[in-house]
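See structure below.
Just so we're on the same page: letters track the sequence lines, and every chain starts at 1. Computed from a predicted model, the values in this text were never measured in an experiment.
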Number of protein chains: 2
Amino acid sequence: MDKPKGVAFLLSQLGAYGAQRFAERLRPLDIEPRHVGLLRMISANEGASQQELGERMGVVPSRMVSFVDDLEDRGLVERARNPKDRRAYALHLTEKGVKMLRQAMLISVEHNEELCAPLSQDERDVLAQLLDRLAGAHNLVPGVHPGYRHLR
Amino acid sequence: MDKPKGVAFLLSQLGAYGAQRFAERLRPLDIEPRHVGLLRMISANEGASQQELGERMGVVPSRMVSFVDDLEDRGLVERARNPKDRRAYALHLTEKGVKMLRQAMLISVEHNEELCAPLSQDERDVLAQLLDRLAGAHNLVPGVHPGYRHLR
DNA sequence: TATTGTTATACTCTATAACTATA
DNA sequence: TATAGTTATAGAGTATAACAATA
């Protein structure tokens with residue numbers, strides 16, 4: 001009766017659904033998907049300042065404050081003063097933060113497993129490769145979610 | 001250095017990116033992606049009440065009010081009193097609404113074209129089929145976006 | 001009493017701009 | 001003067017609950 005839905009809608013629908021499911025899985029850890037992204041970012045850029053990270057993620061400075069607060073309140077990151085420039089912080093994961101990131105990555109693997117369960121291994125590989133090519137062709141930065149972004 | 005990103009992240013990233021692009025394309029029409037979904041819903045269920053539609057889309061009644069207001073303000077839908085039950089409305093598209101939906105569908109086609117441009121026709125077919133299977137296996141309702149939903 | 005739609009309210013999220021402390 | 005981070009503020013979005021009209 002109705003035209004088949006396009007790829008764009010399916011991507012948005014599945015993407016939003018997956019994000020919700022991932023959030024549910026993270027709930028016991030008391031963090032959200034975006035916090036995992038930030039933990040990853042800090043881990044991959046130890047010692048970077050808040051605003052350096054914010055720029056990479058497309059997050060405005062004022063938002064970075066509460067974003068980092070969330071993790072600091074949970075004892076997952078520490079703000080160390082940068083001795084070279086005492087205006088800036090040098091962010092780094094605590095031991096607890098490293099463990100949390102590790103747990104979140106495990107949950108992420110489980111989550112991917114669940115999401116792809118309906119597909120064979122070959123099909124998953126094909127899907128991953130197609131999605132990866134699309135993301136690359138549209139200049140999406142690995143690990144940086146558009147939902148973080150303040151576009152301007 | 002880092003593990004390859006999973007399918008789940010790519011889906012979420014591409015889905016959010018695509019939704020943003022689609023919103024940009026719709027801007028000249030002065031509507032948003034969700035309004036297209038609602039127009040489609042009304043079109044496919046002429047005469048249904050606000051709350052009937054809301055239930056199908058997972059939108060709470062109070063939110064449906066302003067949602068339908070958006071379209072009524074633009075002259076795209078009309079609230080007709082249902083003579084059988086004067087508490088309820090019978091929603092239907094105006095002529096302008098029908099045209100608007102048609103235009104939005106054209107834009108949607110262009111949008112899909114742009115998003116899939118990096119892939120060959122065969123690859124698009126494979127991708128569409130894989131995504132469709134995933135959506136079906138996870139019980140996602142065609143045309144109903146999780147972002148509409150109030151999950152309880 | 002129950003139901004449809006509406007309004008009131010409160011809460012969350014976020015961007016802008018003003019501010020502070022350093023540089 | 002300029003920059004890193006913070007705070008103040010205002011606007012948007014949305015859910016809950018109270019409400020009016022009708023059943």
Please report, rounded to the nearest Å, how far the [atom2] atom of [N] is from the [atom1] atom of [X].
| X | N | atom1 | atom2 | value |
| --- | --- | --- | --- | --- |
| Phe67(A) | dT6(D) | CZ | C1' | 17 Å |
| Asp70(B) | dG13(D) | CG | C1' | 11 Å |
| Gln51(B) | dT22(D) | CD | P | 16 Å |
| Leu91(B) | dT4(C) | CG | P | 13 Å |
| Tyr89(B) | dA21(D) | OH | P | 13 Å |
| Met64(A) | dA15(C) | CE | C1' | 15 Å |
| Glu52(A) | dG5(D) | CD | C1' | 13 Å |

Exercise for the section: Name all pairs fulfilling the ring pair (Phe, Tyr, Trp, His ring centres under 6.0 Å) condition that reach into residues 93-139 of chain A, sequence neighbours left out, sorted by first residue then second. Expected result: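 Applying ring pair (Phe, Tyr, Trp, His ring centres under 6.0 Å) to every pair that reaches into residues 93-139 of chain A, excluding sequence neighbours, yields Phe22(A)-His111(A), His138(A)-Tyr17(B).
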
Handout entry: Pairwise ring pair (Phe, Tyr, Trp, His ring centres under 6.0 Å) hits with a residue in residues 38-64 of chain A, at least two apart
Key = none

With sequence neighbours excluded, what pairs up with [X] under the salt bridge (Lys or Arg N to Asp or Glu O under 4.0 Å) test?
| X | value |
| --- | --- |
| Glu52(A) | none |
| Glu78(A) | none |
| Arg74(B) | Asp30(B) |

Side chain to side chain contact (heavy atoms under 4.5 Å, CB included) partners for [X], two or more places apart:
| X | value |
| --- | --- |
| His145(A) | Tyr148(A), Phe9(B), Ser12(B), Ala16(B) |
| Glu72(A) | Asp69(A), Val77(A), Arg79(A) |
| Arg102(B) | Val98(B), Lys99(B) |

Handout entry: Arg21(A) with Glu110(A): basic N within carboxylate O range, under 4.0 Å
Key =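 Judged by the 4.0 Å cut-off on N to carboxylate O distance, Arg21(A) and Glu110(A) do not form a salt bridge.
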
Handout entry: Residues Arg27(B) and Glu32(B) bridged, charged N to O under 4.0 Å
Key =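 Salt bridge between Arg27(B) and Glu32(B), a charged N being under 4.0 Å from a carboxylate O: no.
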
For nucleotides 7-9 of chain D, which of its nitrogen or oxygen atoms have a protein nitrogen or oxygen under 3.5 Å away, and what is each distance?
none

Practice task
For His35(A), enumerate each residue passing the ring-ring contact (aromatic ring centres under 6.0 Å, His included) test, keeping only those at least two apart in sequence or located in another chain.
Solution key: Phe67(A)

Exercise for the section: Could you list by number each residue of residues 74-88 of chain A showing a heavy-atom separation from DNA chain D of less than 4.0 Å, or answer none if no residue does? Expected result: Arg79(A), Arg87(A), Ala88(A)

Practice task
Tell me what Ser49(B) touches on the nucleic acid: a base, only sugar-phosphate, or nothing, going by heavy atoms under 4.0 Å.
Solution key: sugar-phosphate

Exercise for the section: Measure distances between side-chain N and O atoms of Gln50(A) and base N and O atoms of dG5(D), and say whether any donor-acceptor pair falls under 3.5 Å. Expected result: no

Fill in the blank from the handout: When the rotation axes relating C1' atoms of four end pairs to the next four are compared across the helix from dT1(C)-dA23(D) to dA23(C)-dT1(D), five pairs an end, they differ to 10° by 30°

